[in-house]
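For the single chain, residues carry numbers from 1 onward in sequence order.
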Amino acid sequence: MTEFMPFIAFGVALAAYIAWLMLRDRTSNKAHAQKLARLGFTPCPDEAETLAEKVTRLENNAGYNYIIKDPMRASLGEKTVYFYTKSLRRYRKTVAETSEFLVPLERPSAGGLLMFIKPSNLPTGAATKFIGALAAGPWDAHPDDLVKLEVSIDIQAPNLLSVLAPAGASLYDLVDAKTLAAMQQLGDCGILIVMCRDSWCSLNGPSGRLPLNMERLWPIIRQLA
């Protein structure tokens with residue numbers, strides 16, 4: 001029983017963190033839309049189909065299809081950031097629905113990259129290693145062309161749980177050090193999953209109900225874009 005205590009403690013800590021976020025920022029969908037509007041987001045329903053194509057390319061998973069709902073967009077100079085609800089479907093049934101940002105991102109490579117990130121207030125240790133290994137396991141929802149990447153200690157950032165990448169790639173083949181450092185902060189904003197391909201990157205929380213700390217998140221998005 002003793003050897004499982006770190007995993008139990010991590011689960012309790014994660015549940016407490018999510019509960020704390022929900023209590024701190026329990027806003028209605030309308031209030032959330034108003035918050036996005038203040039940042040310059042406007043509805044763009046006519047782009048839903050195009051966004052679904054981008055997301056399908058980004059996810060690269062033949063077993064699923066994706067429906068985009070309530071898309072919004074904001075301009076950052078000549079670049080555009082999107083926010084939408086993503087419905088993940090298999091065999092014509094919705095199996096998950098989350099909200100995410102789609103951010104333009106310049107990277108050293110167009111190859112796929114999937115990263116799982118933790119909040120800073122969850123300590124690094126056996127429990128986080130276990131969760132990272134679990135997240136990067138052989139789940140059918142992962143991109144078809146990515147495999148678990150062993151990240152060497154000298155470049156592993158403290159908030160990085162695990163990475164999926166093309167076979168034979170290294171982390172810095174896919175993302176530069178400055179961008180990786182910025183991404184490490186996303187876990188403290190409610191973003192725990194980062195997926196990149198080509199010149200786009202999606203930022204996703206573990207569930208559509210987890211509130212995002214927009215005051216901290218938006219400056220990071222501006223930095224990435």
Side-chain angles (χ1 to χ4, degrees), residues 10 14 17-18 54-55 57-61 64 66 81-83 86 88 96 98-125 127-207 210 212-213 216-217 219-225:
F10 178 82
L14 180 60
Y17 174 74
I18 293 175
K54 292 181 184 296
V55 169
R57 165 67 182 168
L58 184 66
E59 298 275 350
N60 191 38
N61 190 315
Y64 293 88
Y66 308 88
V81 174
Y82 294 94
F83 181 83
K86 179 179 70 179
L88 177 63
T98 63
S99 295
E100 68 182 23
F101 288 90
L102 187 64
V103 181
L105 180 67
E106 295 183 7
R107 298 188 298 129
S109 167
L113 175 66
L114 175 58
M115 298 191 296
F116 297 92
I117 299 171
K118 73 174 183 67
S120 298
N121 60 359
L122 294 180
T124 300
T128 50
K129 290 181 180 178
F130 172 78
I131 295 298
L134 186 64
W139 306 110
D140 65 0
H142 290 334
D144 293 336
D145 61 333
L146 304 185
V147 298
K148 183 179 179 182
L149 176 66
E150 296 299 333
V151 182
S152 60
I153 296 176
D154 62 318
I155 62 173
Q156 185 170 4
N159 288 349
L160 189 60
L161 283 173
S162 55
V163 179
L164 297 180
S170 71
L171 184 57
Y172 283 144
D173 288 339
L174 301 165
V175 63
D176 61 78
K178 182 178 179 181
T179 298
L180 181 60
M183 288 177 172
Q184 291 302 297
Q185 306 172 53
L186 293 171
D188 297 323
C189 308
I191 298 294
L192 303 184
I193 303 171
V194 177
M195 185 181 296
C196 304
R197 190 180 298 275
D198 299 332
S199 58
W200 290 100
C201 185
S202 65
L203 313 179
N204 199 311
S207 107
L210 182 66
L212 302 174
N213 186 334
R216 295 187 64 178
L217 177 58
I220 300 174
I221 289 177
R222 293 180 64 92
Q223 181 181 349
L224 292 174

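- Counting heavy atoms from C-beta on, the side chains of C201 and V175 never come closer than 4.5 Å.
- Atom-to-atom distance recorded for L102:CG and L203:CG is 8.5 Å, nearest 0.5 angstrom.
- Using modelled atom types, one finds no donor on one side chain facing an acceptor on the other under 3.5 Å when comparing N60 with D144.
- When side chains are defined from C-beta on, S99 counts as touching F83, because their heavy atoms get closer than 4.5 Å.
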Check against side chain to side chain contact (heavy atoms under 4.5 Å, CB included), L164 and H142: CA-CA 9 Å; L164 297 180; H142 290 334; 3.5 Å; yes
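- Annotation for L113 and L171: closest pair CD1-CD1, 4.2 Å, computed over non-hydrogen atoms.
- Here the side chains of D198 and L58 are not in contact, with every heavy-atom distance at 4.5 Å or above.
- Using modelled atom types and a 3.5 Å distance limit, the side chains of Q184 and N159 yield no donor-acceptor pair.
- Scanning for ring pair (Phe, Tyr, Trp, His ring centres under 6.0 Å) contacts around Y82 gives an empty result, with sequence neighbours left out.
- Side-chain contact between E100 and I191: absent, with no pair of heavy atoms (C-beta onward) separated by less than 4.5 Å.
- Taking S109 as the reference, L174 meet the side-chain contact (heavy atoms from CB on, under 4.5 Å) condition, with sequence neighbours excluded.
- The shortest side-chain heavy-atom distance between Q185 and R216 does not fall under the 4.5 Å cut-off.
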query: Where do V103 and R222 land on the side chain to side chain contact (heavy atoms under 4.5 Å, CB included) test, with the steps shown first?
result: CA-CA 9 Å; V103 181; R222 293 180 64 92; over 6 Å; no
Checking side chain to side chain contact (heavy atoms under 4.5 Å, CB included) for the pair L114/V194: CA distance, chi angles, key distance, verdict? CA-CA 6 Å; L114 175 58; V194 177; over 6 Å; no
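- Look at D176 and R107 and you find no salt bridge, because none of the NZ, NE, NH1 or NH2 atoms lies under 4.0 Å from a carboxylate O.
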CA sep, side-chain torsions, deciding dist, call: L224, E106, side chain to side chain contact (heavy atoms under 4.5 Å, CB included)
CA-CA 8 Å; L224 292 174; E106 295 183 7; over 6 Å; no
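- Within the 4.5 Å cutoff, the side chain of I221 has heavy atoms near those of the V81 side chain.
- Atom CG in L186 sits 10.5 Å away from atom CZ in F101 (nearest 0.5 Å).
- The structure places CG of L161 at 8.5 Å from CD1 of I117, a figure rounded to the nearest 0.5 Å.
- Looking at D188, its side chain does come within 3.5 Å of a backbone N or O of S120 through a donor-acceptor pair.
- A distance of 10.5 Å separates CZ in F116 from CG in L160, rounded to the nearest 0.5 Å.
- Contact detail for L149 and A165: the closest heavy-atom pair is CD2-CB, 4.0 Å.
- No side-chain heavy atom of C196 sits under 4.5 Å from any side-chain heavy atom of M115.
- With values rounded to the nearest 0.5 angstrom, M183 atom CE is found 13.0 Å from K178 atom NZ.
- Between L105 and S199, every side-chain heavy-atom pair lies at or beyond the 4.5 Å cut-off.
- A salt bridge does not link K54 to E59: none of the charged side-chain nitrogens sits closer than 4.0 Å to a carboxylate oxygen.
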